[in-house]
Amino acid sequence: MANRFGLPNLGLGVGLRSPHFDHILQHWPQVDWFEVISENFMDTAGRPLHVLDRIAERYPVVMHGVSLSIGSSQPLDFNYLKKLKALARRVSPRWVSDHLCWTGVAGLNTHDLLPLPLTEDALDHVVARICQVQDFLERPLVLENPSTYLEFESSTIADWEFLAEMSCRSDCGILLDVNNIYVCSRNHGWDPLEYIASIPADRIVQFHLAGHEDRGTHVIDTHDSTVVDAVWELYRFAHSHTGGDGAATLLEWDSAIPPFPELMAEVAKAKSFMDGEPPDLALIARSLSSPRDSPPTIASHPHPLHHIPAG
Amino acid sequence: MKTDPGDLAHLQNWLQKAVTTPWEVGAREIEGALKNTGPLTPAERMGIYVRAYQGRLVECMENEFPVLSLALGRELFVRFASDFLIDCPSRSYTLHLLGRDFPKYLATSGPDEPWARFIIELAFFERAFSEVFHADGHESSTNLPALETELIIGEACSRLLHCEFPIDRYFTDARNHLSAPETVAAPELPEPEPNSIVIFRRDYIVRMRRVVWV
C-alpha cells in the first residue's frame, strides 16, 4: 500500500554525516538517497551547506530535524520554522521530518528528544501544533516515534495508539523507526508486533533502522553499530505491513561512524527482508525475553547528536 | 510531587529540571511521576536522561574545542564544560551557539596567571575558527579574493585576534597531533610571544595569517 501522501518510496538511503563528505564528493557512490539533519545546515554558510548543495543536485534528499519540539508546551519557534522552510526551498527535500517529542521549555533547550505524557490533552496539543506547522511549511510533516526510557504515571494512551491517532487527526505522515520500537519494547515491556500492526500503513512514509547498545536490563538507542537480527525481523514485519510496497528506508549511524562502503553494505541487507516471508517470531520473542546477561563496559548515551565541527 | 495529567507545561518544566539540575529533584518526586514497570527503577530511568543530557552536550563542546581539550587535559575540560552548561544552559535550537560564550565564561572564572591566560586565548581562538568556518564567506562572489592582509582583515567573515601567546602555532601543532597522535607529539604549552592573527576563509577552508603591523 503506497502512502496516502503520494510521497515516493526512495529505496535504501543513509544519513549524510560529515566524515563521509569527502568520500561522497570524490566517488559519487551508488546510494538511493540521503537524509540530512536539518539543523546542521540551517545556520551555516560554510562548507557543510556547500556540500549539501552539491549532493542535493545529484541525489534525492530528505530533511530530518531534531529541534522542532512539536510536543513542547512553549509556543512554536517561528524563527526556527522560517529557517527550516528556507532550507527546504534551497535543497528541495522529498519531505521534512522530525520527532514526536519535546526538547525544552522556559526558553531552554536540552537537545534531547524528551518523552511526552501520553494523555488526551497532550494529543490535542500536538495535533494542533502539527496543523500549524504543516500550514506554515505548506507540506505534510512526517513524525518519528522516538526511543524512550521512561513512562509517565499520568499517561493514559498507549504509545502506538497516540502515534496512530495523532497522524490521522493531523493528517501527518509517520517515520516508523523500527529500532526505536525494539528499544522501547525492551525498556517498557511493549509488544513490538502490536505496535507496528497498530500503525496505519498508508501513513508510513519512511522507515528508520539503526544499531543500539544492549545493557542487559535495558537498551540504549546509540546509533553506533549494525542492526541486530531482531530489528531486521521487525523490519520484515513492518515492510509486509505496508502491503509489500514498502517505504523509503534509512540507516542511521551517528557514533563510531564506519567508512562509507561499510554503511552501504549494512543498509543493503534490507533488501533480503523485503521478500514477503513471514518474520521469525521466535527470534523476536527470544530477543525480547532473553536479553544479554551482562551490560557492556562502555557506557554510551542515547541518540548522539551529530554536530558538524569546523574542519 | 502532584502531577496534573492536564498540565503539560507543569510536567515538562518538572522533567526539564530533573534532567538539567537533578540535585533539585528528590527521589520521591520521581517515583510519583514515573511508572515503575521494572526492571529499572524510576530513578534509574531518569538517570539515563540526566547522563545523556550532560554527556552529549559536553561531547559537542569537545567537538568544537578539541585543541582546548588537549591543552587542558580531558578531565579538566569536562569539568569546565560541565560547570559552564550549568551556568549557561543552551537557549537555542542550534548547537552552533552552544560554545559561543564558553571563552568568556573561562575568562571571568580563571585566575590571572600565564597558564590561564593562554587557555583563555586558545578558547577565543578556537571559537573564532569555528565561527569563520560557518560564516557567510566570499566563495560565491565573482570578485577575485583579496590577497592583501589589510583587505582580508576587513572581510565580514574574518576575525582579527591580538594574542599574548603564539596560539596559531600551538593550534596547528595540536591539530597535527590530534590527527596522527601515534606519530606527532603533542605541543608543549608555549612561552609568551605577542602577535596578531587574522582568521579568514578561502574555498570553504579556514586559514590564518600573522599580521605584521607597519
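Quick note on labels: first sequence line is chain A, next is B, and so on, each numbered from 1. We use all heavy atoms of the structure for the numbers below, so side chains are in, but hydrogens, waters and symmetry mates are not. Treat the numbers as computed from the prediction; the structure is a model and nothing was measured.
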Under a 4.5 Å cutoff for heavy-atom pairs, which residue among Gly55(B), Cys157(B), Ser90(B), Ala52(B) has the most contacts with chain A? Ser90(B)
Chain A shares the most heavy-atom pairs under 4.5 Å, among Ser92(B), Pro39(B), Ser130(B), Pro89(B), with Ser92(B)
Out of Asp203(B), Val132(B), Thr94(B), Thr37(B), which one racks up the most heavy-atom pairs below 4.5 Å with chain A? Thr94(B)
Mind checking the CG-CH2 spacing from Asp159(A) to Trp190(A)? Nearest 0.5 Å is all I need. 3.5 Å
Between Leu34(B) and chain A, with a heavy-atom cut-off of 4.5 Å, which part of the residue counts as in contact: side chain, backbone, both or neither? both
For Phe125(B) and Phe171(B), I'd like to know if the aromatic rings sit close, meaning centre-to-centre distance below 6.0 Å. yes
Option that, when pairs with chain A are counted at under 4.5 Å, heavy atom only, ranks first among Ile48(B), Thr20(B), Leu97(B): Ile48(B)
Can you tell which part of Thr148(A) gets under 4.5 Å to a heavy atom of chain B, answering side chain, backbone, both or neither? both
Engaged part of Leu49(A) at the chain B interface, taking heavy atoms whose separation is under 4.5 Å: neither
Is it true that Tyr149(A) and His218(A) have ring centroids separated by less than 6.0 Å? no
Decide yes or no for Val105(A) and His10(B): does some side-chain heavy atom of the first lie under 4.5 Å from some side-chain heavy atom of the second? no
Scored by heavy-atom pairs under 4.5 Å with chain B, the best of Thr103(A), Leu150(A), Asn187(A) is Leu150(A)
For chain A, which of Pro42(B), Pro66(B), Ser140(B), Ala135(B) has the most heavy-atom pairs under 4.5 Å? Ala135(B)
Separation of Glu155(B) CD from Leu160(B) CG (nearest 0.5 Å): 12.5 Å
If you tally heavy-atom pairs under 4.5 Å against chain B, which of Gly65(A), Ser69(A), Ala106(A), Pro115(A) wins? Pro115(A)
How long is the gap from CZ on Arg100(B) to CG on Leu98(B), to the nearest 0.5 Å? 10.5 Å
I'd like to know if Asp168(B) and Arg209(B) make a salt bridge, using a cut-off of under 4.0 Å between side-chain N and carboxylate O. no
Chain A interface, residue from Arg51(B), Arg201(B), Met46(B), Glu131(B) that has the most non-hydrogen pairs under 4.5 Å: Arg201(B)
Note: Asp124(A)-Arg129(A) ion pair, threshold 4.0 Å (strictly below): no
